Amino acid sequence: MDVESTNQYDSLGVNVGTFDHDIHDCGDADGVKVLAPSNDLRVSEEGIFPKPFVGLEFETLEKAYLFYNEYARVVGFSIRRAKNRRSNIDGELLFQRFCCSKEGHRRKRHESDEGTKVKDGVLVKVRRRNVKSIRVGCSAKLDVKRTGNGNWVVQKFDEDHNHDYAHHGEKHMLRSQRRQPDDGSDIDVGSKRMLSYLTGEGGGSEERRKRLERGDVKIILEYFTQRKTEYPSFFYAVQVGKVDQMLSFFWADTRSRMDFDYFGDVIYFSTDYGTKYGRPFCPILGVNHHLEPVLFGSAILLNQSEESFVWLLDTFLKAMFGIRPLAIITNEDAALEKAIEQVLPGIQHRLCLWHIVQDAAKQLSHIYNGQDDFSTELKKCLQESQWIDEFESRWGLLLDKYQLCDNEWFNDMFRKRHKWVPVYSRHIFHADMTAVHRIECISSFFDGFLNESLPLCEFLKLSEKALAYRREQEINEDFQSHQTRPILKLDIPMEDQAANIYTGAAFKEFHKEFCESLSYIVEETARAGTNWEYAVSRWGQNRSFLVNFSSCDNDIHVICNCQNFKFAGFLCRHIFKVFIVRNIMLIPPKYFKKRWTKRAKSGVALSDSSRETGSQSSLSLRYNDLCQLSLNFCAKAAVSIDAYQTAKSDIEMIIRELEKVPEEDMCVDQPDIEQIRSLHLPVEVVNNIGSSNHILTEENQTLSSANQMTLQNPTRLGDKRTGFWLRL
């Protein structure tokens, strides 16, 4: 072990044990030799640390705890004090067990668990809170006993765990790894870091808060070049107009591009952020495996015209390696709709329900203000209608009850109903992004960080802090999903299976549907060979959903006409009811949508289109796939020196093998250099409008040429429609 790695453990006070096998020198600790068996070194991203072993001796019990806790940190688990034994004579501690925090099992709750308290002079029952359990019966432990000289020696060490270890970015959240801050408060390291994002502390030297009246473009380009210097995979692009004026900007960092690969099946794009934050800011967002918002890229659009939207969507596709989303949800904008039809023909384009509900409050303010029930009835009509005729019937009742037959806006929305009412798009996957509460959450991504009074330099800096804070929240959710388990109420195999596979948020969606299935009844209506049809309805209601079930050679296939699996990616209550009557105890693996699981970001994420065999015949698509693979590969290989060295060695070996490939086996097509250049990670893409001929790549002096181009004619450039402008 190197000196630097050794010094961090010098204060642990480890003494010499007696062994029959080879010893590895791990350094000195205050004059006391630290030894470990040569085959018992724990190597991880954190470095090298000796495993505990029988016979290892410590000066005090506290130092034994610190040693085992440091080992646990390196490996990725938390520890706690378990059973102990004291002397019958003087009460001195003689034996102590330190165990993994996942040791044992949570005892089942009984009625006797309910406590009581006095409320308003009446004794009422109080049920204990439902909290997640971390106990999974892990047997890992370290037993130490006191010796005659007062030291403590390892009596037994069990290193086998039955659960996943915490990932590198999650280790600070482990309970035994939390540190007390200097001020003695009870905030752990992760919470303190998140607090620093909100307060602006820890972000380097504080810039002067002053509004820049000139040089906004220079600030943006300096920000881009700085980010690209720090992170070569950072992508940015600039749209240049006819008179060499910069009209639009787009940027996305490496993590955002990787997140799109995992969660970019449905994206949300709204032009209303400008009204909210006082700038023509247009982030492109989605939903991750915790049903929380995730950022794919950001744009500043000074001219929100069809031409600028076409440029933005085209640039976004380039940044995401040409991979198209399955669906896009936007606010209502005619120019944006035309751009989507041009750049993403055939894509499922939906109007945002949340925006339309917000617009309804403005357009129908006379009804909202005078009729308290209208808002509730409208939301019920939109969100609870399960059949098309049910929606149209409820809409008609609203039309008559509130005398809206002649209301132009209300009638226009009905004509467009296929583009925004959920019941018309149940066959399209939307990642639960049509729900009003979900879009409200997505729209609040930058809330608490950005406001309309910020100068541009502060705006960019705080948008980065918002992104960092959201990513820290995702790490925390990952930690909670991997290291804790939800309380199982039904104690059945399917519930246990779902708890092991789904993230915490996704498990709640599963559990809601499964528990609802208990209120339904099922009737077999048809059968043909290995195919069955069932009518499933809620108890006391006449209308039912049809579930088609087939089973052949243990291959189960099931479809419900409510289409919840297609729409949200979760099996519905009607299918669960059929599973119950068919005695199916486990969900078939194909009905776990990976994007909702704990393993959503494990392995290599490739879009369905890039898996098609046809993609191998095109040079650009082959290049696209390899760039996508390399981005994931580099992110994983850079986490430690060992991983970096292994990856570098493997790449060098692969390059040598590729050089041996015979020429007749290689592609003989003429490569499209311009297309490859547009896909290449370090290239800064700048599309042009009209007669401008400026193409900026990494070979150009980007900042200087941009300065010469934009600062020679200081003007107010903007969009009369939106009232936004940017000083050049």
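All values derive from a computational prediction rather than experimental measurement.
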Practice task
With the side chain counted from C-beta on, respond yes when L467 and D253 share a heavy-atom pair under 4.5 Å apart, and no when they do not.
Solution key: yes
Exercise for the section: Taking all heavy atoms of W596 and all of G569, pick out the closest pair and write down the distance. Expected result: CD1-O, 3.6 Å
Exercise for the section: Determine yes or no for a side-chain-to-main-chain donor-acceptor pair under 3.5 angstrom, with S256 supplying the side chain and A252 the backbone. Expected result: no
Practice task
Look only at the side chain of S443 and the backbone of E440, and say whether a donor-acceptor pair between them is shorter than 3.5 Å.
Solution key: no
Exercise for the section: Look at K601 together with E474 and state whether they make a salt bridge at an N to O cut-off of under 4.0 Å. Expected result: yes
Practice task
Establish, for the pair R257 and F296, whether the NZ or CZ atom is under 6.0 angstrom from the six-membered ring centre and no further than 45 degrees off its axis.
Solution key: no
Problem - Flag side-chain contact, heavy atom, 4.5 Å: M433 against Y268 - result: yes
Problem - Taking every non-hydrogen atom, the tightest pair across L291 and A506 - result: CD1-N, 4.1 Å
Problem - Candidate pair F263 and V287, rule side-chain contact (heavy atoms from CB on, under 4.5 Å), full reasoning - result: CA-CA 7 Å; F263 309 117; V287 167; over 6 Å; no
Handout entry: Validation row, ring centre F514 to ring centre F576 under 6.0 Å
Key = yes
Exercise for the section: Considering non-hydrogen atoms only, spot the tightest contact between A600 and Y262 and give its length. Expected result: O-CD2, 3.4 Å
Exercise for the section: Test D164 against every option in R599, R485, K598 by the salt bridge (charged side-chain N to carboxylate O under 4.0 Å, His left out) rule and name the one that passes. Expected result: R599
Problem - S481 backbone acceptor or donor facing T503 side chain under 3.5 Å - result: no
Problem - Heavy-atom side-chain contact between K489 and H511 under 4.5 Å - result: yes
Handout entry: Pairing of R227 and E464 as salt bridge, 4.0 angstrom limit
Key = yes
Practice task
Determine, for Y223 and K228, whether the Lys NZ or Arg CZ falls below 6.0 Å from the six-membered ring centre while staying within 45 degrees of the axis.
Solution key: no
Practice task
Let me see the working for Q155 and L142 under side-chain contact (heavy atoms from CB on, under 4.5 Å), right down to the final yes or no.
Solution key: CA-CA 8 Å; Q155 185 181 37; L142 180 77; over 6 Å; no
Practice task
Output yes when K593 and D265 qualify as a salt bridge under the 4.0 Å nitrogen-oxygen rule, no when they do not.
Solution key: no
Handout entry: Beyond-backbone contact of Q497 with I587, side-chain heavy atoms, under 4.5 angstrom
Key = yes
Exercise for the section: Would you mind reporting whether F58 and L66 have side-chain heavy atoms less than 4.5 Å apart? Expected result: no
Handout entry: Counterpart residues, salt bridge (Lys or Arg N to Asp or Glu O under 4.0 Å), relative to E92 (two or more places apart)
Key = R146
Exercise for the section: Check step by step if side-chain contact (heavy atoms from CB on, under 4.5 Å) holds for F445 and L295. Expected result: CA-CA 9 Å; F445 189 92; L295 182 70; 3.9 Å; yes
Handout entry: Residues N151 and E59: side-chain donor-acceptor under 3.5 angstrom
Key = no
Practice task
Could you tell me whether W251 and F235 have their ring centroids closer than 6.0 angstrom?
Solution key: no
Exercise for the section: Compare all side-chain heavy atoms of W152 with those of L93 and state whether any distance is below 4.5 angstrom. Expected result: yes
Practice task
Would you check, one step at a time, whether the test side-chain contact (heavy atoms from CB on, under 4.5 Å) holds for F459 with N451?
Solution key: CA-CA 8 Å; F459 188 90; N451 60 68; over 6 Å; no
Exercise for the section: Kindly say whether the aromatic ring centers of Y502 and F570 come within a distance under 6.0 Å. Expected result: yes
Completion exercise
In this structure, CD1 of I501 is separated from CG of D496 (nearest 0.5 Å) by 9.5 Å
Exercise for the section: Would you indicate whether K590, at its atom NZ, is surrounded by more than 12 heavy atoms from other residues, nucleotides or ligands within a distance under 6.0 Å? Expected result: yes
Practice task
Compute the centroid of each ring, for F507 and then for F510, and state whether the two points are separated by less than 6.0 Å.
Solution key: yes
Exercise for the section: For the pair N69 (side chain) and S176 (backbone), establish whether a donor and an acceptor sit closer than 3.5 Å, ignoring hydrogens and angles. Expected result: yes
Practice task
To the nearest 0.5 Å, tell me how far Q96 CD sits from R86 CZ.
Solution key: 8.5 Å
Exercise for the section: Let me see the working for F565 and Y591 under ring pair (Phe, Tyr, Trp, His ring centres under 6.0 Å), right down to the final yes or no. Expected result: CA-CA 8 Å; F565 185 72; Y591 293 112; 5.4 Å; yes
Practice task
State, to 0.1 Å, how close S463 and L450 come at their nearest heavy-atom pair, and which atoms those are.
Solution key: N-CD2, 3.6 Å
Exercise for the section: Name the orientation class of the two ring planes belonging to Y469 and F449 (parallel below 30°, tilted from 30 to 60°, perpendicular beyond 60°). Expected result: tilted
Problem - K648 and E652, any side-chain heavy atoms less than 4.5 Å apart - result: yes
Handout entry: K83 side, atom NZ; D143 side, atom CG - distance, nearest 0.5 Å
Key = 7.5 Å
Problem - Point-to-point distance, once rounded to the nearest 0.5 Å, from CZ of R73 to CD1 of I79 - result: 12.5 Å
Handout entry: Geometric cation-pi criterion, R81 with Y65: 6.0 Å, 45°
Key = yes
Exercise for the section: Take E103 and K141 through the test salt bridge (Lys or Arg N to Asp or Glu O under 4.0 Å) and record every step on the way to the result. Expected result: CA-CA 9 Å; E103 180 268 344; K141 58 183 172 290; over 6 Å; no
Problem - Distance-minimising heavy-atom pair for C100 and H161 - result: SG-ND1, 3.8 Å
Handout entry: Non-hydrogen side-chain atoms of M494 and M585 separated by less than 4.5 Å
Key = no
Fill in the blank from the handout: Value for CG (L285) from CG (N288), rounded to nearest 0.5 Å, stands at 11.0 Å
Handout entry: Spacing of CD belonging to E292 relative to CG belonging to N476, to within rounding of 0.5 Å
Key = 10.5 Å
Problem - Residue pair S139 / D158: nearest heavy atoms and the distance that separates them - result: O-OD2, 3.4 Å
Handout entry: Donor-acceptor contact below 3.5 Å, side chain S444 vs main chain C441
Key = yes
Exercise for the section: State whether the number of non-hydrogen atoms from other residues, nucleotides or ligands found under 6.0 Å of N149 atom CG is greater than 12. Expected result: yes
